[in-house]
Visitor: 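Handing you this structure, nothing more for now.
Fair warning: this is a prediction, and the values are worked out from it, not measured in the lab. Positions are given from 1, in the same order as the sequence printed here.
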Amino acid sequence: MVIEICAYSISAAQMALDAGADRVELCAAPESDGVSPPFEWIAELPVELQARLAVMLRPRAGNFVYNSTELQQMETELLQICTQTPVQAVVFGILNAAHTVNAGACVNLVRAARKKQTVFHRAIEQTPNPHDALETIIEGGFDRVLCGFDL
C-alpha cells in the first residue's frame, strides 16, 4: 500500500513525509481546491524529500479549461520542476470547452514531463463520460489518475 497525502504548505508536506507518507501531493490554496505551489516551496525541502513529491500544475482556481496563456504557464512551471528538482510526479488535468479531456494539451505536457510521472487529477470528475475520459488519459501516456469515484 502506498500512502499519499495532499499538503497545502511546506510545513504540512514536511510533517507528512516525516510521519511516513510515501508521497505527498504539494498544492497551494486549499480554499480553491488546490493550485500550483510556488517553486520556492519545493526548493525549501531537502532533495531526498523533494523526490517524494507530486506537484500540482494548476494556474488558477475554477474550471479546468485553460487558455493559451495558462497552458504556457503550466508548461513553464513543468519545465522548471523537471529540470531543477528530483520531484517524482506532476499532477494536472486539462479539459476543453465540452469538458472532455483536451488530449492535445495533455499530451504536450506529458511529453514535456520527460521522465517524471504524470498524474491526471480530479478534472476527470467534470467530464460527461469518465470511462471515455479514462481511455483518453491512458492513450495520452499518464501514469496515474486521482479521482473521488470508482471507474
Visitor: Using the side chain to side chain contact (heavy atoms under 4.5 Å, CB included) rule, take V35 and M56 through it: C-alpha gap first, then chi angles, then the decisive distance, then the call.
Guide: CA-CA 6 Å; V35 297; M56 171 73 76; 5.7 Å; no

Visitor: Looking at CG of L109 and CD of E77, how far apart are the two atoms once the value is rounded to the nearest 0.5 Å?
Guide: 10.0 Å

Visitor: Under 3.5 Å, side chain of R58 to main-chain N/O of F92, donor-acceptor pair present?
Guide: no

Visitor: Any side-chain heavy atom of M74 sitting closer than 4.5 Å to one from Y66?
Guide: yes

Visitor: Please evaluate residues V101 and C106 with respect to the criterion side chain to side chain contact (heavy atoms under 4.5 Å, CB included), reporting the C-alpha separation (whole Å), side-chain torsions for both, the decisive distance (0.1 Å), and the verdict.
Guide: CA-CA 8 Å; V101 175; C106 285; 4.0 Å; yes

Visitor: Quick one: CD1 on I94 to CG on L71, what's the gap to the nearest 0.5 Å?
Guide: 5.0 Å

Visitor: Do T85 and Q50 meet the criterion of a side-chain donor-acceptor pair at a distance under 3.5 Å?
Guide: no

Visitor: Kindly say whether L146 contributes a backbone atom to a donor-acceptor pair with the side chain of H121 at under 3.5 angstrom?
Guide: no

Visitor: Determine whether T83 and R114 satisfy the following criterion, side chain to side chain contact (heavy atoms under 4.5 Å, CB included), listing intermediate values before the conclusion.
Guide: CA-CA 10 Å; T83 60; R114 300 179 184 139; 3.2 Å; yes

Visitor: Kindly indicate whether the side chain of V119, heavy atoms from C-beta on, has any atom under 4.5 Å from the side chain of F142.
Guide: no

Visitor: Whether the side chain of E70 engages the backbone of N67 through a donor-acceptor N/O pair (distance < 3.5 Å, no angle test) should be reported.
Guide: yes

Visitor: With heavy-atom distances below 4.5 Å as the criterion, would you say the side chains of D18 and Q14 are in contact?
Guide: yes

Visitor: Any chance you could measure Q84, atom CD, to F39, atom CZ, to the nearest 0.5 Å?
Guide: 4.5 Å

Visitor: Mind listing the closest non-hydrogen atom pair of A12 and S9 along with its distance?
Guide: N-OG, 3.0 Å

Visitor: Are L49 and M15 in one and the same hydrophobic cluster, where Ile, Leu, Val, Met, Phe, Trp and Tyr link if side-chain heavy atoms are under 4.5 Å apart?
Guide: no

Visitor: Would you say N63 and Q126 are linked by a side-chain donor-acceptor pair, where the criterion is simply a distance under 3.5 Å?
Guide: no

Visitor: To the nearest 0.5 Å, tell me how far L26 CG sits from I5 CD1.
Guide: 13.0 Å

Visitor: Are any of the side-chain heavy atoms of I42 and V87 separated by less than 4.5 Å?
Guide: yes

Visitor: Compare every heavy atom of A7 with every heavy atom of A13, then report the nearest pair and how far apart it is.
Guide: N-CB, 3.6 Å

Visitor: Using ring centroids (six-membered ring only for Trp), state whether F64 and H99 fall under 6.0 Å.
Guide: no

Visitor: Could you check whether atom CZ of R111 has more than 12 heavy atoms from other residues, nucleotides or ligands sitting under 6.0 Å from it?
Guide: no

Visitor: What heavy-atom pair brings C6 and C27 nearest, and what distance separates the two atoms?
Guide: SG-SG, 3.8 Å

Visitor: Taking the side chain as everything from C-beta on, heavy atoms only, tell me whether Q72 gets closer than 4.5 Å to T76.
Guide: yes

Visitor: Kindly say whether D132 contributes a backbone atom to a donor-acceptor pair with the side chain of T136 at under 3.5 angstrom?
Guide: yes

Visitor: Would you say V91 and Q117 make side-chain contact, with heavy atoms under 4.5 Å?
Guide: no

Visitor: Shortest non-hydrogen contact from I10 to E44?
Guide: CG2-OE1, 3.6 Å

Visitor: Same cluster or not: are V107 and L79 linked, directly or through other Ile, Leu, Val, Met, Phe, Trp or Tyr residues, by side-chain heavy atoms under 4.5 angstrom apart?
Guide: no

Visitor: State, to 0.1 Å, how close S32 and A61 come at their nearest heavy-atom pair, and which atoms those are.
Guide: CB-CB, 3.4 Å

Visitor: CZ of R60: more than 12 outside heavy atoms within 6.0 angstrom?
Guide: yes

Visitor: Could you check whether any side-chain N or O of D22 sits under 3.5 Å from a backbone N or O of E4, counting only pairs where one atom can act as donor and the other as acceptor?
Guide: no

Visitor: Which distance, rounded to the nearest 0.5 Å, do you find between the CG of L17 and the CG of L53?
Guide: 6.0 Å

Visitor: Between D33 and R122, is there a salt bridge with N-O shorter than 4.0 Å?
Guide: yes

Visitor: Roughly how far, to the nearest 0.5 Å, is the NZ atom of K116 from the CG atom of D143?
Guide: 12.5 Å

Visitor: Shortest non-hydrogen contact from A113 to T118?
Guide: CB-CG2, 3.6 Å

Visitor: Looking only at side chains, do R52 and Q88 share a donor and an acceptor under 3.5 Å apart?
Guide: no

Visitor: Stepwise, does the side chain to side chain contact (heavy atoms under 4.5 Å, CB included) test hold for I137 with I124?
Guide: CA-CA 9 Å; I137 291 164; I124 193 172; 3.8 Å; yes

